[in-house]
Structures are given as structure tokens and as C-alpha cells.
Amino acid sequence: MILAAAPLSELLSFGDKGYGDEMFWGALRSVQIAFFAYAFGLCLGLAGAMGKLSGGRVLKAILEGYTTLVRAVPELVLILLLYYAGTDGLNSLIVALGFQRIEINGLVAAIFVLGFVQGAYHTEVLRAAIQAVPIGQSEAAKAYGMSPFLRFRRITLSAMLPNAIPGLANLWLNVTKDSALISVVGFTELALATRQAAGVSKQYLVLYLVAQAVYLCISFASGQFFNWMERHVRRGQPKLA
Amino acid sequence: MHWSWLPEYFPIIAHGLYVTLFILVFSVVVGFILAVPIGLIQVTGSAPARWIAGAFCGYIRGTPLLTQLWLLYYGLGSTFPLIPGFREHFMWLVRLDAFYYALLAFTLSFAGYEAEIMRGAFLSVPRGELEAARAFGMSPWKVNSRIWFPRAVLQVLPTLTGEVIGQLKSTPLVFTIPVLDLMSAISQVRQDTYIIYEPLIFLAIIYMILTYFITRAFGYLEKLIPQRR
């Protein structure tokens with residue numbers, strides 16, 4: 001059989017002969033990018049949702065522009081634009097301040113770019129989830145004399161999480177898959193590591209299938225985690241149907 | 001800002017736009033036609049058929065479209081010529097353009113995402129309506145074509161806007177395999193002229209305009225359908 005020109009165990013072995021180590025490190029980087037980009041996006045999204053719900057008119061307009069723009073342009077185009085513009089802009093700022101140009105770490109740039117894109121989606125998910133919480137709950141907390149922070153932590157956050165978890169789960173699955181787009185700017189994560197390994201070994205079919213199996217495992221495991229998470233935040237709520 | 005390149009490269013960009021739109025429309029239409037039976041199988045099929053349809057959706061939704069595209073183009077594309085006798089008999093297939101792989105990958109992807117949505121839509125049609133149709137003596141096919149399909153498809157329509165926009169935003173991925181779409185046209189401009197940002201900004205604006213028109217078109221389509229609110 002043509003597919004078995006090189007045995008899978010040898011092809012995926014660690015060391016000089018196989019590509020197991022390259023793909024392993026690639027997968028690890030993919031997860032790393034996804035995780036930190038997600039965390040960064042979540043922070044941006046939380047700030048963005050707060051701004052959209054209770055900010056001034058100028059802030060609201062800026063945030064509206066951010067979410068509309070980012071969600072209307074393909075992720076790939078945004079990544080190219082922000083990757084080059086971001087690293088360039090930072091460097092010219094550094095030079096203007098009188099320091100030496102620096103080599104910006106590809107991993108950090110990738111995380112910031114993907115996180116910035118994720119932030120727009122997080123903003124919308126969280127805004128909708130917070131808006132779905134009955135205003136009376138927050139007012140009651142205010143009447144009890146809770147400080148804004150305590151009110152957010154005890155009432156708004158715990159009441160909006162059941163609404164937000166499905167959307168947040170979707171965004172996590174998206175970011176794990178979008179991390180493959182970073183390969184376009186030449187950063188070696190799982191997709192690019194696989195492409196390079198396949199290019200050398202000519203075992204395109206097998207190696208791509210292996211890479212997809214890894215992505216599938218990540219998706220499946222995350223799906224299980226978010227299911228558990230949703231059950232957890234919905235505890236005590238009446239069952240639907 | 002340099003925009004002097006625009007007139008010179010306009011024909012390439014226009015052709016790229018055409019390719020992008022063709023991939024979008026083809027994959028959405030054919031993908032949707034595939035999605036309906038896949039969704040239905042997941043609801044009514046036998047256990048093995050249900051498992052296969054579910055696995056297909058899980059695979060499509062669980063792996064990046066970029067790697068699906070590469071698997072088809074590089075994986076299958078490099079495997080076909082290795083089959084003995086393939087070169088002699090299927091020369092036309094060996095010369096298959098990357099464009100066809102792109103069409104295949106995007107159609108399957110849209111079918112996978114949409115089938116999952118169709119599954120939910122089929123499930124959410126009230127059982128009483130189906131039972132009433134059967135009580136009227138409708139054949140299973142008539143129940144499907146008069147009650148189940150129309151009701152399910154109408155429910156999916158509002159989500160279709162977002163799905164189509166998502167599909168549009170995936171189309172630039174085809175530039176990673178040699179397909180001359182809008183994105184490849186723009187990267188050609190960037191490589192020829194060494195202008196980094198302006199072509200990308202131009203590209204972003206085109207996608208935003210396309211998104212706007214898709215939103216408007218589907219909004220119009222939704223209004224056409226009589227609905228009691």
C-alpha cells in the first residue's frame with residue numbers, strides 16, 4: 001500500500017528520522033497561542049462589554065466600530081494587517097523614543113493579534129449575556145448596598161454565566177482552529193509544522209490526517225470541559241423541558 | 001498612502017473577486033443542498049447512518065478548514081498519481097486545478113456546519129404538526145416536503161446570514177493553495193509593488209462591503225416570507 005511507504009511509528013518518532021517531535025511542539029504552540037489569545041480576548045471582551053453597556057457616547061461609538069470592523073473582515077486579512085502593522089508600529093514607536101529596534105517575538109505577536117480579533121467577538125457575547133440578566137436583580141443588589149464590584153461578582157457574573165457559556169465555548173473552539181491561520185505569517189504551530197514535515201517526507205495524506213486528529217482531540221476535550229462547565233454554572237436552575 | 005497601483009491591477013482584482021464570489025455561492029448552494037439530508041439522517045436515520053453523519057459534522061466542525069483544504073489538495077492531490085494506472089487513464093484528473101479542490105473543501109465545510117444547524121431545526125418542528133399531517137393520511141414523503149422541510153428551513157434562515165458571512169470570511173484561505181481569488185490578487189500586488197498596507201486595507205474594505213450586501217440581501221429575503229410574530 002502506498003500510504004505505508006514509511007511506517008507510521010517511524011514517521012511520527014521523535015528525533016532526526018521522524019517528525020513526532022516537530023509536530024508535538026507545534027501542537028503545544030497551537031494550544032499555547034489559543035489559550036493566551038483566548039484569555040487576552042476575554043479581558044478585552046469584558047472591558048468592551050462594560051464600555052458598551054455603561055460607557056459614554058464616544059466610548060460606545062469606538063467600541064461599536066471595533067466590533068463591527070473586526071467581525072466584518074476575514075480573520076486571515078486581519079491577522080496579516082495587524083501582524084505587520086502591529087510589529088512595524090511598535091518598532092517605529094520604540095525608535096521614536098530613542099531605543100534600538102527590537103525583534104518582536106512571533107509567539108507574542110500571534111497571541112496579541114488573535115486576542116485582538118477574539119476580543120470583538122467576546123465583547124458581543126458578554127454584552128448580550130449581561131443584558132439578558134433581569135435588571136431587577138442588579139437593582140436589588142444595589143438596594144442592599146453592595147459596592148459595584150461586589151454586585152458584579154455576586155450577581156451579574158453568576159447570573160450571566162449560564163447565558164454566556166455556550167457563546168464562550170464556541171469562541172474557544174474558534175480560537176483553537178484560528179490558531180492555524182498564524183501559519184500564514186510563518187509562525188511554526190501545528191499546521192505549519194505539519195506542512196513542513198509533509199513537504200520533506202512527501203507523506204502529505206498521513207501527516208495531515210494525524211494533525212487533524214490532534215485538532216479533533218483538542219475540540220472534543222474542550223467540548224467535554226464546556227459541557228461540564230455549563231452544568232456547573234446552571235446548577236440550581238430549573239431544568240428546561 | 002499609495003493607490004497608484006489600483007488601475008494597473010484592477011483586472012486581476014476583478015477576476016479574483018469573481019473567483020471568490022463563485023466559490024462562496026457554489027459552496028453555499030451545494031453545501032446547503034447536502035446539509036438537508038445529512039441533518040435529516042442525524043434525526044431519523046438508522047444508528048450506523050446517524051453515527052456516520054454525526055462523525056462527518058464533528059470532523060468538519062472540529063478541525064480547521066485550513067488543514068481540511070491542505071489535506072484535500074496536498075494529501076489527495078499527491079496520492080492520486082501514485083495509484084497504479086492512474087496516470088494513463090485519468091490524466092485529466094491529475095491535472096485537476098487547485099480550484100476544484102477548493103470548491104470541494106468549502107462545500108463540504110459548509111455542509112458540515114449547516115447540517116448541524118439543520119439537525120436542530122428538524123428536531124424543533126413541533127411533533128404535533130407532523131402527527132397532524134400523518135393523521136391527514138399524507139405519505140411520509142409528503143409530510144417531509146409539505147411540513148417538515150419548509151418548517152425547518154424557515155427556522156434556519158435567520159442563522160443562514162451569519163453562516164454565509166462566516167463562509168465569505170473563510171474564502172481567503174484558498175490563497176494558501178494556488179487559487180487566484182481576491183486574496184491572491186492582493187498578495188500579488190503586494191509582492192510586485194512592495195506596498196504592504198494599502199492593498200490589505202483595500203481588501204478589508206471589499207470584504208466589509210460584501211458582508212454589508214449579504215446582510216441586506218438576507219434581510220430582504222426574510223421579509224419576503226410571511227410570518228406571524
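Sequence lines set the chain letters: A, B, ... in the order given, protein chains first and strands last, and positions in each chain run from 1.
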Given that the side chain runs from C-beta out, which part of [X] has a heavy atom under 4.5 Å from chain B: side chain, backbone, both or neither?
X      : value
A:A191 : both
A:L81  : both
A:S183 : side chain

Problem set entry | Closest non-hydrogen atom pair between B:K169 and A:E75, with its separation | NZ-OE2, 3.9 Å
Exercise. So which heavy atom on B:G62 is nearest to which on A:S219, and how close?
Worked result: O-OG, 2.7 Å
Spacing of [atom1] belonging to [X] relative to [atom2] belonging to [Y], to within rounding of 0.5 Å:
X      : Y      : atom1 : atom2 : value
A:L216 : B:R61  : CG    : CZ    : 11.5 Å
A:L80  : B:I196 : CG    : CD1   : 11.5 Å
B:L71  : A:L209 : CG    : CG    : 5.0 Å
B:T67  : A:R195 : OG1   : CZ    : 12.0 Å
B:T176 : A:L192 : OG1   : CG    : 11.0 Å
B:L200 : A:L82  : CG    : CG    : 10.0 Å

Seminar exercise, completed: Honestly, the part of B:T211 sitting under 4.5 Å from a heavy atom of chain A is side chain
For this session: Could you tell me which portion of B:L210 (side chain, backbone, both or neither) has an atom closer than 4.5 angstrom to a non-hydrogen atom of chain A?
Result: neither
Within a radius of less than 6.0 Å around [atom1] of [X], do more than 12 heavy atoms belonging to other residues, nucleotides or ligands occur?
X      : atom1 : value
A:F35  : CZ    : no
B:W3   : CH2   : yes
B:F175 : CZ    : yes
A:Y84  : OH    : yes

For this session: Could you please state which residues from residues 201-209 of chain B sit under 4.5 angstrom from chain A, measuring non-hydrogen atom to non-hydrogen atom, sorted by number, or 'none'?
Result: B:I201, B:L203, B:A204, B:Y207, B:M208
Exercise. Taking C-beta and beyond as the side chain, do A:L181 and B:L173 meet within less than 4.5 Å on heavy atoms?
Worked result: yes
Exercise. Do the non-hydrogen side-chain atoms of A:T194 and B:W70 ever get within less than 4.5 Å of each other?
Worked result: no
For this session: Apply the test side-chain contact (heavy atoms from CB on, under 4.5 Å) to residues B:L65 and A:K177: give CA-CA distance (whole Å), side-chain angles for both, the deciding distance (0.1 Å), then the verdict.
Result: CA-CA 8 Å; B:L65 178 54; A:K177 289 183 281 173; over 6 Å; no
For this session: Fit a plane to each ring of B:Y74 and A:Y204, take the angle between them on a 0 to 90° scale, and name the class: parallel (under 30°), tilted (30 to 60°) or perpendicular (over 60°).
Result: parallel
